[in-house]
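Accompanying notes for the structure given below.
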2 protein chains.
Amino acid sequence: MKESYKTKQREQILQSFQQRSDEHINADQLSDLLKKEGTTIGTATIYRTLDKLVTQGSLRKFIADAGEKSCYQYIDKEKGCADHYHLKCTECGALIHLECDEVQLLAKHLLASHNFMIDTTRTVIYGTCQTCIQKKEISHE
Amino acid sequence: MKESYKTKQREQILQSFQQRSDEHINADQLSDLLKKEGTTIGTATIYRTLDKLVTQGSLRKFIADAGEKSCYQYIDKEKGCADHYHLKCTECGALIHLECDEVQLLAKHLLASHNFMIDTTRTVIYGTCQTCIQKKEISHE
DNA sequence: TTGCGTGCAAAGGTTTTGCATGGCA
DNA sequence: TGCCATGCAAAACCTTTGCACGCAA
């Protein structure tokens, strides 16, 4: 394991995410947020820090399509997000926390039959939420 | 709906995917494949065609993380859209594509009980693969 | 003939890297 | 002191776009 220093920049970035634990923020927005708070952090540092925080399990990364920016969100370890899944609507961006026993079966199955240990902390299930499904149906009529 | 001409290039691209319906291929690999078969198609055309084929429902797109290339796969409409899932190992980075009926239950359950329509195109399940689980166990002993 | 498709090169946008400097331990 | 972290600018990267020409219908 690599050593890691505690720096002002990393603290501030992590804090920004903690204060907005229900939001998903991209590198650019983060930069703006910090500027408004009086701190300017270089782009390279932002990306490097974000990457470290994801690896270390403090942030979750939402991968974007080409040309779009990837988003990040704070993972609250106290709350035990470990046991629940995250659904994200690609239409409206809503993030749904799903606690459902039946979904846990997926983890068991993957482990038992495919020897794959799922990490619910980092996994995000993308799709279309109820509201947006209805919107689509209406517009097709 | 826009008009669409039938061109040699589009036919060849579609054919390449049909012949490899169990693989997911990126723009670069496709270009190489075609070159080996004696055809050279410009990058722009490849991307434009890929995009059209996705829109038209002939291909499925797997969105990749930054720096990686997005992959595409043929959708066999006869077979009835066998969705497949992506498992990605956070230790070694391996990308596993999983076609498994039992996993399809997840999609059904999410739709039936949570009104959420999963998009397997964008969803990547993160965790630890078999090889890396074993490595960890060994190093902990 | 009409206008979509193609190819080349250049641009676009996000993210990464090189390198010298700064700061934690 | 040792070495990770930072910042700037430049690079790398995949992908898209502009433009002139080619080709399907």
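Below, read A as the first sequence line, B as the second, and so on, with proteins coming before strands; counting in each chain starts at 1.
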Note down the inter-axis angle between the two ends of the helix from C/dT1-D/dA25 to C/dA25-D/dT1, five pairs each, to the nearest 10°. 40°
With clusters defined by side-chain heavy atoms of hydrophobic residues (ILVMFWY) lying less than 4.5 Å apart, directly or transitively, does A/F17 cluster with A/Y47? no
Distance, rounded to the nearest Å, where A/I46 contributes CD1 and C/dT16 contributes C1': 14 Å
Distance test, side-chain N/O of B/T45 to OP1/OP2 of C/dG7, below 4.0 Å: yes
Between B/Y72 and A/G42, which has a closest nucleotide on DNA chain D that is more 5'? A/G42
Taking the six-membered ring for Trp, are B/F62 and B/H86 closer than 6.0 Å centroid to centroid? yes
Could you tell me the separation between the CD1 atom of B/I13 and the OG1 atom of B/T49, rounded to the nearest 0.5 Å? 4.0 Å
d(NZ, B/K52; C1', C/dC4) in whole Å: 7 Å
Salt-bridge criterion met for A/D51 and A/K61 (N-O under 4.0 Å): no
Taking NZ from A/K69 and C1' from D/dT15, how many angstroms apart are they, rounded to a whole number? 16 Å
Using atom types as modelled and distance alone, determine if a side-chain donor or acceptor of A/S16 lies under 3.5 Å from a backbone N or O of A/Q12. yes
Test side-chain hydrogen bond (donor to acceptor under 3.5 Å, both in side chains) on A/S4 and A/R10 and set out the steps. CA-CA 10 Å; A/S4 196; A/R10 180 169 316 170; 2.5 Å; yes
Mind calculating the distance between CG (B/D28) and C1' (D/dT16) to the nearest angstrom? 16 Å
A/T43 side chain near C/dT14 phosphate (N/O to OP1/OP2, under 4.0 Å): no
Under 3.5 Å: donor-acceptor pair, side chain of B/E11, backbone of B/K8: no
At under 4.0 Å between heavy atoms, how does the protein contact nucleotides 18-25 of chain D? Give one character per nucleotide, 5' to 3', with B, S or -. B-----BS
Expressed as a whole number of angstroms, how long is the span from A/Y47:OH to D/dG7:C1'? 15 Å
What is the distance, rounded to the nearest whole Å, between atom CD1 of A/I63 and atom C1' of C/dT15? 13 Å
Starting at CD of A/Q12 and ending at P of D/dG7, how long is that distance when rounded to a whole Å? 10 Å
Whole angstrom value for the distance that separates P of D/dG7 from CG of A/L34: 10 Å
Strictly distance-based, threshold 3.5 Å: is any side-chain N or O of B/D65 a donor or acceptor partner for the main-chain N or O of B/E68? no
With a 4.0 Å cutoff (strictly under), does any side-chain N or O of A/Q9 reach OP1 or OP2 of C/dG22? no
Under a 3.5 Å distance rule, please check whether A/Q130 uses its side chain to pair with a backbone N or O of B/F116 as donor and acceptor. no
